[in-house]
Amino acid sequence: MASDENAPAGSSQPLVEGRSAGQHVRVTAREVLADLLAKDRTIVGARVGGRVLDLHTPFERDPSVKVEPIRTSDPEGLRIIRHSTAHVMADAVQRLFPGTKVTIGPAIEAGFYYDFDRPSGPFTDDDLEKIEAKMREIISAGKPFRRELVDREAAHQLFAGMGETYKREIIDAIPVGEDVSLYHHSDGARDWVDLCEGPHVPDTSYLAAIKLVSVAGAYWRGDERNPMLQRIYGTAFPSQKALEAHLKLIAEAKERDHRKLGKELELFMFHEYAPAMPFLLPRGAFVYNALVSYVRDLYVDYRYEEVITPQIFDKKLFDTSGHLPNYRENMYLPVTAEYLDQARMALRLGVGGEGEAYREADTARDAAVIQQLGELEKLAQKPMNCPSHCLIFGQRRRSYRELPWRVADFGRLHRYERGGVVHGLARVRSFCQDDAHIFCAPDQIQSEIASFLDLLQEVYAAFKFEKVDIKLATRPKKRIGSDAQWDAAESALAEALKGANLRFEVAPEEGAFYGPKLEFHVEDALRRSWQLGTIQVDYALPDRFDLEFTGSDGISHRPVMLHRAILGSLERFLSVYLEHVAGAFPVWLAPEQAVVVTVSEKQAEYADEVVAMLRSRRLRVRADTSSDKLGAKIRNARLLRVPYVVVVGDKEAAERKVAPRSRDLNKDLGAMLLEEFADKLQAEAIPPRLQKSARPA
RNA sequence: GCCACCUUAGCUCAGUGGUAGAGCAACGGUUUCGUAAACCGUAGGUCUCGGGUUCAAGUCCCGAAGGUGGCUCCA
């Protein structure tokens with residue numbers, strides 16, 4: 001029933017990947033690549049046709065199909081190492097903690113994890129050390145990995161016998177009649193087996209550099225109704241050196257964590273009286289406002305109009321828009337003191353509501369409370385700007401001549417996010433987007449998207465995000481609108497991208513229920529990817545708000561709405577950008593562009609003069625005339641990431657010169673005339689703009 | 001929300017049952033110095049909050065708040 005695939009090639013086997021053997025010669029990659037393997041221990045697998053195989057798994061040789069080695073330096077090779085390490089970890093865990101059940105343990109982007117069901121509860125940091133030590137034992141024992149192909153029923157019985165209920169559940173999900181593969185690693189004395197697709201390294205000694213990173217709770221199959229499992233994260237690399245490089249990268253990421261920089265550079269803070277709602281301090285507020293001004297300036301060219309809309313609405317607005325039925329758990333529903341007082345009066349819940357008769361009336365009171373609570377819900381804080389914009393559009397008769405109408409809004413939004421998901425400025429409950437909605441006729445969608453793509457590319461280039469990945473999210477199964485509408489909207493998005501010569505990836509069925517969308521992901525300096533911008537086609541809201549415009553034919557038409565943002569949430573953008581530039585804002589965004597430092601107090605007067613002159617040119621400059629030594633003043637300015645430290649000593653003062661030092665070049669630029677430096681700084685203070693001709697008329 | 005961990009001076013952190021500590025920052029003084037930290041001194045704490053155990057709690061236990069890392073990249 002079971003077939004040991006490590007049997008010598010050519011021996012008769014009942015099952016070879018579901019086909020009968022014997023028609024072709026069966027070989028292993030180890031045999032085919034023998035010459036290479038002899039001198040290269042970084043080869044851990046092979047690519048045969050489209051398949052990735054172990055070195056030791058036989059396959060039917062087809063001379064026309066190439067057998068290519070997979071090395072630990074290949075992404076696929078790294079996955080093999082990590083997945084094998086996950087098996088070794090699970091083995092170690094089950095040896096140390098009998099009764100622990102295994103579930104799944106995949107390789108992931110930065111390593112691997114394995115989820116366990118441990119009856120005695122979570123693992124501690126001490127446990128991690130023990131597990132790691134046990135893993136090293138297993139690794140140095142050099143246990144060979146072995147693949148075994150069995151039928152589904154046999155696997156089912158095997159894991160049932162072992163009490164591995166989660167594995168059984170996984171097998172249940174595999175179609176009846178299909179064969180499954182098992183992976184063993186053993187030294188003869190003790191065998192460890194897992195249901196696994198593989199592939200794996202030839203033996204455990206190939207796992208050169210491993211590290212367990214953290215423990216975390218994780219629900220079985222990611223569903224919070226399921227039991228909480230104990231997840232152990234770890235990572236593995238081809239060499240100790242590569243592992244250390246990885247740990248260094250993590251340390252660097254930690255060093256430029258925006259929360260750390262936010263504190264150090266005095267950009268923003270939080271307070272427990274407003275959890276997950278940032279306070280932007282003067283320096284942070286400056287950058288924030290500079291971002292808004294930059295986008296506003298672009299809006300002049302790209303023909304957007306800005307509006308200012310309320311924070312709090314009658315909840316009827318969000319009934320109409322569909323937010324209350326669909327988005328309620330993320331909304332703040334504020335209550336006024338007046339409503340509350342009325343409710344208290346009605347329920348006599350105020351002082352004196354403690355009498356016996358009052359307590360006896362529990363049932364009636366509960367009913368009344370519930371009814372009153374319902375009445376309290378009259379207001380809603382806006383989580384999005386689109387409903388307001390629909391109200392504005394619908395406020396009077398609109399003509400086709402007004403379309404496309406691009407309406408921008410920097411309104412502050414509030415969304416309730418669960419405690420576990422908020423994160424610094426990156427995920428907050430109070431924020432502002434560079435939000436805008438474009439109301440247009442259906443035949444204007446494509447050109448509007450094209451123009452938006454221009455705008456977006458200009459912005460990302462200005463912030464030096466060099467790599468942008470675009471995803472086209474298409475119709476989900478659960479959706480509204482006709483197929484004809486979806487066809488038109490999806491092809492408008494795709495055509496606009498093609499027209500702009502932009503590569504994109506299709507994300508099938510990931511669109512919003514009301515329309516398809518484009519997502520723009522940028523890669524930062526540490527090569528991490530972040531979604532910033534988006535554009536979504538929406539037929540639903542114009543419908544819900546019954547929006548119309550009069551066409552050139554004199555009859556009423558329904559407009560289409562495009563929801564779009566470039567930076568997305570400004571708070572989130574600030575967090576991403578802060579990490580991208582490691583706190584070193586370019587001159588045009590820096591809250592402080594230069595600090596004038598004196599060599600001794602003799603130059604204090606000249607320093608004040610220099611500051612006054614630069615300020616008269618709208619430059620953001622301050623003097624440091626403290627009694628610190630020059631070195632200390634420079635250090636302080638550098639810690640604040642100020643782009644220029646302008647040194648003035650006797651020599652400079654005598655000739656109306658300054659000696660600027662550049663943060664980015666980390667060097668003294670030499671003495672120059674004050675005028676000259678002012679011109680230079682002023683030139684750098686201008687926000688970058690691309691000169692594009694193709695802007696909407 | 002759920003799991004684990006954390007919360008000590010403005011910041012970074014030490015303190016594991018016996019009356020709270022350092023460095024930086026702040027403040028006062030001395031020093032006036034040429035490209036990443038001058039020197040001396042002073043002040044600063046309901047050890048997040050609320051209960052409990054104990055002769056004694058920053059330290060142990062329970063609860064709350066806030067924060068940190070996670071919560072399918074499916075064998």
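Just so it is clear: chains get the letters A, B, ... in the order the sequence lines come, proteins before strands, and each one is counted from 1.
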Item checked: Rounded distance (Å) that lies between atom C1' of B:C3 and atom CG of A:Leu229 -> 10 Å
Next item on the list: In whole angstrom, give me the gap between the C1' atoms of B:G66 and B:G34.
Entry: 47 Å
Item checked: Ring centroid separation A:Phe123 to A:Phe97 under 6.0 Å -> yes
Item checked: Positive for side-chain contact (heavy atoms from CB on, under 4.5 Å) with A:Phe268, one of A:Leu578, A:Leu261, A:Val287 -> A:Leu578
Next item on the list: Check whether any side-chain N or O of A:Lys260 sits under 4.0 Å from OP1 or OP2 of B:C11, and answer yes or no.
Entry: no
Notebook entry, point to check: Say you pick atom P in B:U35 and the same atom in B:U30; how far apart are they, in whole Å?
Noted result: 26 Å
Notebook entry, point to check: For the base of B:U32, is there a side-chain donor-acceptor partner from A:Ser627 under 3.5 Å away?
Noted result: no
Next item on the list: Please state whether the phosphate of B:C3, meaning OP1 or OP2, lies under 4.0 angstrom from any side-chain nitrogen or oxygen of A:Arg231.
Entry: no
Item checked: Spacing between A:Leu639 atom CG and B:U35 atom C1', to the nearest angstrom -> 14 Å
Margin query: Does B:G66 have OP1 or OP2 under 4.0 Å away from a side-chain N or O of A:Tyr273?
Written below: no
Next item on the list: Let me know, please, whether A:Pro275 or A:Glu109 comes out on the 5' side of the other along RNA chain B by nearest nucleotide.
Entry: A:Pro275
Next item on the list: Classify the side chain of A:Glu652 versus the base of B:G34 as yes if they form a donor-acceptor pair under 3.5 Å and no if they do not.
Entry: yes
Notebook entry, point to check: With a non-hydrogen cut-off below 4.0 angstrom, is A:Ile108 in contact with a base, only sugar-phosphate, or nothing?
Noted result: base
Check: OP1 or OP2 of B:G70 less than 4.0 angstrom from a side-chain nitrogen or oxygen of A:Arg418, does that happen here?
Finding: no
Next item on the list: If the plane angle is over 60° it's perpendicular, under 30° parallel, otherwise tilted; pick one for A:His83 and A:His87.
Entry: perpendicular
Notebook entry, point to check: Roughly how far apart, to the nearest Å, are B:A65 and B:G50 at atom P?
Noted result: 15 Å
Next item on the list: Ignoring backbone atoms, establish whether A:His423 has a side-chain N or O less than 4.0 Å from OP1 or OP2 of B:G69.
Entry: yes
Next item on the list: Grab the CE-P distance between A:Met277 and B:G66 for me, whole Å please.
Entry: 11 Å
Notebook entry, point to check: Given that both pair distances must be under 3.5 Å and the pair must be Watson-Crick or G-U, what runs of three or more consecutive pairs involve RNA chain B?
Noted result: B:1-7 with B:65-71, B:10-13 with B:21-24, B:26-30 with B:38-42, B:48-52 with B:60-64
Next item on the list: May I ask you to say what A:Lys667 touches in the nucleic acid, namely base, sugar-phosphate or nothing, with a heavy-atom cut-off under 4.0 Å?
Entry: nothing
Check: Just checking A:Phe270: base, sugar-phosphate only, or nothing, at a heavy-atom cut-off of under 4.0 Å?
Finding: nothing
Check: What distance, rounded to whole Å, do you find between the two P atoms, one in B:U19 and one in B:A64?
Finding: 32 Å
Next item on the list: Assert yes or no for the condition that the ring centre distance of A:Phe112 to A:Tyr114 is strictly below 6.0 Å.
Entry: no
Item checked: Phosphate OP1/OP2 of B:C33: any A:Lys602 side-chain N/O under 4.0 Å -> yes
Checklist line | Span that lies between the P atom of B:G45 and that of B:C6, in whole angstrom | finding: 27 Å
